[in-house]
Amino acid sequence: MKRVRIFMLASVLSAAAMQSIAQQVDPNSGCPPQDSEPVRQRPGEEPPGRLQPAECDPTRLPTPSASPLPGSIPVDRWRIIDSLGHPDNRLDPYATNNPLKGDRPIWGPDGFSVLTVSSNSLLELRRVPASPAEGTNARQFFDSQTATIDAVLYEGDTIFRPPDYQLRITPTFNYASTSTGAANTTTTTVGAQAFFFEKHLRDVSAQYDFDSVRIGIQPVTSDFRGFVFADQPLGVRLFGTRDNDIYQYSVGWFRRLPKNAARQNDLGAGIPANDLLMANLYVQDLGKAGLTSEFVMIYDRSRAPGTRVVLNDAKATFTTGARHDYDVAYLGYSADGHIGRLNLTGSLYEVIGRESQGEFTGRTSRVQASFAAVELSRDFDWIRVRVSGLYASGDGNPQDNQSRGFDGINQSAIFAGTDSTFFIHQRLPLVVGAIDLKQRDSLFPSLRSTADTGESNFTNPGLNLLGVGSDLDLAPTLRLSFDVDRLAFDRTDTLQALLNGATVSRNIGTDASVDAIYRPFNSQNVIARLSVAKLFPVPAARNLVGGAAPVSMFLNLVLTY
């Protein structure tokens, strides 16, 4: 009983001491006086020296009162932003209270708008083949000016889930000019990168896994790097997620749109009879944590006209507007992520099907071609080192009933330097007015028709590529990239036939490029890019690629609001 009384007395004295200390706290800053901190002593030990007072910020806000506010005061987050000194500002895209950037609703409680306006200026100087069959080259100057307006209206709380409704319109206006000596060609086109309506159909789990549908012109990519298809076609797509976003799926029907000189959709050129059915499934951490896998199936049905090539002992002749019907299926697997310290991106594709009228034979032809690409990289602080390898099968006999040359649908892959290297970036004509060796910004020397650059051709030489490169982040605003690629055709039979039996080397040469990207404001609002590339071809390939010293250099300036 005596111990209980002693304990109760100690509790009362301790409470009184704490109350005395609390009375000494500054009610505005919440900081006690420096000499109010008591010194504690262990029994039987010398008292310690006085402790230094804990740091306290006298400018901090006072502790709010726990008593309820009188009356009912309506408060929302938009009024709170206003009261904190951030008024409506439509000129600054980073103002945190800009209704044109989705910072606050423009109608109802959750109706938002996002407006983006950009200007893309491209000035390019290049030396490319004018007529490989005659061994002539040309020095060209290319000027492209593109204005884009991206307007989005959507409704819904998009913090954890997609919008309930979304309408997106992205018109483009392009002026392009190509000067070759005294000759000058100009084009002016109006297109659209996006024009679609999206509807959120339902949530299927507490983690906001969902199903949505999108109708109209929309961006679509076949895989992580866009090896087969990376475009803005017209179509309908159903997409969503499952199991807390571990599984992502997409199923859609599309029709590709013709392109202008700047590789943008040209709405005035009609819609080719080319139907695509595509299904994608992405799975995170399949077999390895940190590695995302993708399975894809694309059915490509074309009934659009192409170019017919007739081969005989004397020469090859060409007929434009001929039927070139084909039904093919792309079956692919891709992976993207990291294994330990290595970053990995890779894709495997097999295309199978048939052509009812082959481009070189006019007879039914069986299509079977293969593709593989892999890129490994490793980061060393501000330096990334890359190694790339690519194989696209080529056709060994253009006059048989087998088409074994791999070709994509409409792709612009991000791989091995892509649009900074000479060979990948440049359009290379083969037979003037009839067939191109390869398209601009395309990996494959697919021998497509000049009249319709969207028609796939599975009778082509294929490509082997081995490259090394590095990215140097010299500053948060400046990146410098170097790429060196060794290039070779897989088979040269189709090239020899088109060039009337001329000898064509499998080896193309070595492509070297340097690319500098400068973002002065450390954002995407101003991007300046300078790229210089030179191809060192073997002697037997000089006529195909533009002489002994084919070179390209371009300056690209992108301004975005």
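These values consider heavy atoms only, across backbone and side chains, with no hydrogens, waters or symmetry-generated copies.
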### Query
With a 3.5 Å cut-off and no angle check, do the side chains of Arg486 and Thr510 form a donor-acceptor pair?
yes
### Query
Atom CG in Asp515, atom CZ in Phe482: separation rounded to 0.5 Å?
10.0 Å
### Message
Checking Arg529 against Ser420 for the side chain to side chain contact (heavy atoms under 4.5 Å, CB included) test, could you report, in this order, the C-alpha distance in whole Å, the side-chain angles of both residues, the deciding distance, and whether it holds?
### Response
CA-CA 10 Å; Arg529 179 180 180 186; Ser420 64; 3.7 Å; yes
### Task
Determine whether more than 12 heavy atoms belonging to other residues, nucleotides or ligands lie under 6.0 Å from atom CZ of Arg378.
yes
### Query
Is the count of non-hydrogen atoms from other residues, nucleotides or ligands lying under 6.0 Å from Ile414 atom CD1 greater than 12?
no
### Query
Does a sphere of radius 6.0 Å around OH in Tyr247 hold more than 12 heavy atoms from other residues, nucleotides or ligands, not counting ones at 6.0 Å or beyond?
no
### Query
Side-chain donor-acceptor pair under 3.5 Å between Glu375 and Ser388, yes or no?
yes
### Query
Val367 pairs by side chain to side chain contact (heavy atoms under 4.5 Å, CB included) with which of Val328, Thr459, Ile352?
Val328
### Query
Would you call the rings of Phe489 and Phe423 parallel, tilted or perpendicular if under 30° counts as parallel and over 60° as perpendicular?
perpendicular
### Task
Before giving the answer on side chain to side chain donor-acceptor pair (under 3.5 Å), spell out for Ser293 and Tyr333 the whole-Å C-alpha distance, their side-chain angles and the decisive distance to 0.1 Å.
CA-CA 7 Å; Ser293 295; Tyr333 169 78; 2.8 Å; yes
### Asp400 (side chain) donor-acceptor with Gln402 (main chain) under 3.5 angstrom
yes
### Task
To the nearest 0.5 Å, tell me how far Leu495 CG sits from Asp493 CG.
9.0 Å
#### Entry: Residue pair Tyr326 / Ser403, side-chain heavy-atom distance below 4.5 Å
no
### Message
salt bridge (charged side-chain N to carboxylate O under 4.0 Å, His left out), that's the test. Do Arg448 and Asp436 meet it? Break it down for me.
### Response
CA-CA 6 Å; Arg448 293 195 179 192; Asp436 291 336; over 6 Å; no
### Task
Kindly check if the number of other-residue, nucleotide or ligand heavy atoms within 6.0 Å of CG (Leu559) is above 12?
yes
### Summary
CG (Asp485) and CG (Asn464) are apart, to the nearest 0.5 Å, by 12.5 Å
Show me the donor-acceptor pairs, under 3.5 Å and distance only, between side chains in residues 281-288 and residues at least two apart or in other chains.
| from | atom 1 | to | atom 2 | distance (Å) |
| --- | --- | --- | --- | --- |
| Tyr282 | OH | Glu294 | OE2 | 3.3 |
| Gln284 | NE2 | Asp245 | O | 2.7 |
| Asp285 | OD1 | Gly290 | N | 2.7 |

### Query
With a 4.5 Å limit on heavy-atom distance, are the side chains of Tyr175 and Asp143 in contact?
yes
### Query
Are side-chain heavy atoms of Val228 and Val351 found at a separation under 4.5 Å?
no
### Message
Does any part of the side chain of Phe254, heavy atoms only, come nearer than 4.5 Å to the side chain of Arg237, both counted from C-beta?
### Response
yes
## Note on the structure
Correct closest heavy-atom pair for Leu480 and Ala516 would be CD1-CB, 3.7 Å
### Message
Tell me whether Asp325 is salt-bridged to Arg354, with the criterion being a basic N under 4.0 Å from an acidic carboxylate O.
### Response
no
### Message
Before you tell me yes or no, could you show the steps for Asp419 and Ile424 under side chain to side chain contact (heavy atoms under 4.5 Å, CB included), namely the whole-Å CA-CA distance, both residues' side-chain angles and the distance that decides it to 0.1 Å?
### Response
CA-CA 6 Å; Asp419 59 350; Ile424 298 177; over 6 Å; no
### Task
Compare all side-chain heavy atoms of Leu463 with those of Ile508 and state whether any distance is below 4.5 angstrom.
yes
### Query
Which heavy atom in Leu443 sits nearest to a heavy atom in Ala413, and how many Å separate them?
CD1-CB, 3.6 Å
### Task
State the CZ-CG distance between Phe295 and Asn280, to the nearest 0.5 angstrom.
12.0 Å
#### Entry: Exam field: side chain Asp473 to backbone Ala475, donor-acceptor pair closer than 3.5 Å
no
### Query
Taking all non-hydrogen atoms of both residues, which atom of Asn457 and which atom of Asp407 are closest, and how far apart?
N-OD2, 2.9 Å
### Task
Spell out, as yes or no, whether a donor-acceptor pair under 3.5 Å connects the side chain of Asp395 to the backbone of Pro461.
no
### Task
Grab the two heavy atoms, one from Arg542 and one from Pro537, that are nearest each other, plus how far apart they are.
CG-CG, 3.8 Å
### Task
Determine the sole option in Phe444, Phe458, Phe227 for which the ring-ring contact (aromatic ring centres under 6.0 Å, His included) test with Phe406 is passed.
Phe444
### Query
Is there a side-chain contact between Asp223 and Val296, using heavy atoms and a 4.5 Å cut-off?
no
### Task
Without swapping roles, check the side chain of Ser456 against the backbone of Gly408 for a donor-acceptor pair under 3.5 Å.
yes
### Task
Could you give me the CA-CA distance, side-chain angles and deciding distance for Ser302 and Glu455, then say whether side chain to side chain donor-acceptor pair (under 3.5 Å) is met?
CA-CA 8 Å; Ser302 178; Glu455 276 293 295; 2.7 Å; yes
### Query
What heavy-atom pair brings Asn460 and Leu447 nearest, and what distance separates the two atoms?
CA-CD1, 4.0 Å
### Main-chain N/O of Ser370 paired with Ser393 side-chain donor or acceptor, under 3.5 Å
yes
### Heavy-atom pair with the smallest gap, counting every atom of Asp483 and Ala416
OD1-C, 3.9 Å
### Phe195 atom CZ, over 12 foreign heavy atoms within 6.0 Å
no
### Task
Please report the C-alpha distance between Ser334 and Ser347 in whole Å, then the side-chain angles of each, then the deciding distance to 0.1 Å, and finally whether the side chain to side chain donor-acceptor pair (under 3.5 Å) criterion is met.
CA-CA 4 Å; Ser334 298; Ser347 289; 2.6 Å; yes
### Query
Roughly how far, to the nearest 0.5 Å, is the CZ atom of Arg256 from the CZ atom of Phe229?
9.0 Å
### Query
How far does OG of Ser552 sit from CG of Asp511, to the nearest 0.5 angstrom?
8.0 Å
### Task
For the pair Ile217 and Arg168, evaluate side chain to side chain contact (heavy atoms under 4.5 Å, CB included) and give the outcome as yes or no after the intermediate values.
CA-CA 9 Å; Ile217 301 173; Arg168 187 165 200 155; over 6 Å; no
### Message
Does any part of the side chain of Asn184, heavy atoms only, come nearer than 4.5 Å to the side chain of Phe141, both counted from C-beta?
### Response
no
#### Entry: Contact check, side chains of Arg255 and Pro272, non-hydrogen atoms, under 4.5 Å
no
#### Entry: From CA spacing to verdict: side chain to side chain donor-acceptor pair (under 3.5 Å), Thr364, Asn401
CA-CA 7 Å; Thr364 299; Asn401 296 330; over 6 Å; no
#### Entry: Of Arg479, Arg384, Arg386, the residue whose pairing with Asp471 passes side-chain hydrogen bond (donor to acceptor under 3.5 Å, both in side chains)
Arg386
### Query
So, Asp441 and His425: side-chain donor and acceptor under 3.5 Å apart, yes or no?
yes
### Worked verdict on Asn274 versus Leu276 for side chain to side chain contact (heavy atoms under 4.5 Å, CB included)
CA-CA 7 Å; Asn274 189 184; Leu276 303 171; 4.2 Å; yes
